[in-house]
Amino acid sequence: MSFPLDYPIRTAEVGGLTIISASGSAIVQLGDRGQSTPKLRALALQREIDHTRAGDVYFESYDLFTQSFPSFDDFDGPAKDIVHVKRTNHCPRIMVGCVYIIAMGSSSSVQAGNAMETIAEARIKHIRQFKRPIPVPGIGCPLPPVKPALYR
C-alpha cells in the first residue's frame, strides 16, 4: 500500500463546538495562526479571615514568578537515544464531530486550524493562610501592644 501524497498543511472540519467558560488567558480560535504565547501569573490565596484585614500579598515575594525555565536543548546522551520523527499526513482534512468543553483557563488553548508555534506558560502559587493565636507572654514579661495584624 502506498500513499502518493503528503499534505504538509491540513484543514480542520469541526461539526460543532460548545464552550461553557473560557477565562484566565484562554484562547479559542477557529482558523490558522502563526504564533501565540499565552501567559498567566496568579496567586491563589485562601485565608481564614477576609483580605481587607489580612493585608496584601505580592508577586515579588515568591521566586516562582522570576525563575527561568530549564533548557531542554542541550541533550548530551548517546546518539541512539535521539528520536527522529517523520510525519506523513495522508488526508488534507482533519474531521472531528462535536467538541463539548465545560471550562478552560490558565493559558489553555482550543484551536481548529493550523498553529505554527505555541508557547504557553502558567505559574500559579497556591497559598493557604491560617489564623494563629497571639502567644501569651511568660510570667513577669510585659504585655505586648495590641496590633491589628493577625498573621505572623
Side-chain angles (χ1 to χ4, degrees), residues 1-134 147-152:
M1 179 180 232
S2 68
F3 298 99
L5 296 175
D6 182 20
Y7 302 96
I9 296 177
R10 299 190 292 176
T11 57
E13 294 180 14
V14 179
L17 176 63
T18 302
I19 299 174
I20 304 299
S21 174
S23 63
S25 298
I27 298 172
V28 178
Q29 182 169 1
L30 304 177
D32 299 339
R33 70 173 168 227
Q35 181 184 36
S36 65
T37 55
K39 293 183 179 179
L40 172 74
R41 292 182 350 148
L43 289 170
L45 181 60
Q46 292 180 323
R47 287 179 163 161
E48 194 171 4
I49 62 171
D50 65 74
H51 295 294
T52 58
R53 294 186 339 173
D56 294 328
V57 178
Y58 301 98
F59 284 104
E60 295 81 10
S61 301
Y62 304 96
D63 61 353
L64 167 73
F65 300 108
T66 57
Q67 290 177 348
S68 61
F69 283 109
S71 175
F72 298 106
D73 296 335
D74 52 350
F75 178 76
D76 58 353
K80 67 176 179 60
D81 290 342
I82 296 175
V83 176
H84 297 278
V85 176
K86 178 167 177 20
R87 179 182 310 128
T88 301
N89 298 320
H90 300 291
C91 180
R93 295 177 298 170
I94 300 172
M95 292 177 283
V96 178
C98 295
V99 178
Y100 184 82
I101 299 171
I102 296 173
M104 51 185 291
S106 302
S107 300
S108 61
S109 176
V110 170
Q111 180 179 13
N114 295 294
M116 300 303 289
E117 182 180 46
T118 302
I119 301 172
E121 174 184 337
R123 297 182 185 211
I124 303 172
K125 178 72 175 176
H126 292 267
I127 302 169
R128 289 186 180 171
Q129 290 183 341
F130 298 98
K131 182 177 164 183
R132 289 186 184 178
I134 296 175
K147 295 180 180 179
L150 298 173
Y151 294 107
R152 300 205 176 210

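Only a predicted model underlies this, so the values are computations on that prediction, with no experimental measurement involved. Sequential numbering from 1 along the given sequence is applied to the chain's residues.
With hydrogens and angles disregarded, a donor-acceptor distance shorter than 3.5 Å links the side chain of D32 to the backbone of N114. Judged purely by atom type and a 3.5 angstrom limit, R123 uses its side chain to pair as donor or acceptor with the backbone of Q67. Panel note: side chain R93, backbone E13; no donor-acceptor pair is recorded below 3.5 Å.
Looking at every heavy atom in both residues, C91 comes nearest to R10 through O-CD, 2.8 Å. Here the shortest heavy-atom pairing between G15 and C98 reads C-SG, 4.4 Å. In terms of heavy-atom proximity, R33 sits nearest to S109 at NH2-OG, 2.9 Å. Here the closest heavy-atom approach between residue S36 and residue P38 is recorded as C-CD, 3.6 Å. Among all heavy-atom pairs drawn from R47 and G55, the shortest one is NH1-O, 2.8 Å. Across I49 and K131, no two heavy atoms sit closer than the pair CG2-CD, 4.1 Å.
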Before giving the answer on side chain to side chain contact (heavy atoms under 4.5 Å, CB included), spell out for R41 and K39 the whole-Å C-alpha distance, their side-chain angles and the decisive distance to 0.1 Å. CA-CA 7 Å; R41 292 182 350 148; K39 293 183 179 179; over 6 Å; no
Evaluate the criterion side chain to side chain contact (heavy atoms under 4.5 Å, CB included) for residue pair L17 and L30; output intermediate values, then yes/no. CA-CA 10 Å; L17 176 63; L30 304 177; 3.8 Å; yes
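With a 4.5 Å cut-off on side-chain heavy atoms, V99 and V110 do not count as touching. Counting heavy atoms from C-beta on, the side chains of K125 and S61 never come closer than 4.5 Å. Between F59 and L64 there is no side-chain heavy-atom pair separated by less than 4.5 Å. Residues V57 and H51 fail the side-chain proximity criterion, which asks for heavy atoms closer than 4.5 Å.
The number of heavy-atom neighbours closer than 6.0 Å to CD1 of I20, taken from other residues, nucleotides and ligands shown, is above 12.
Here the CD atom belonging to Q35 is positioned 6.5 Å from the CD1 atom belonging to I119, to the nearest 0.5 angstrom. Atom CD1 in I102 sits 12.0 Å away from atom CD1 in I19 (nearest 0.5 Å). We find the NE2-CG distance between H126 and L45 to be 11.5 Å, quoted to the nearest 0.5 Å.
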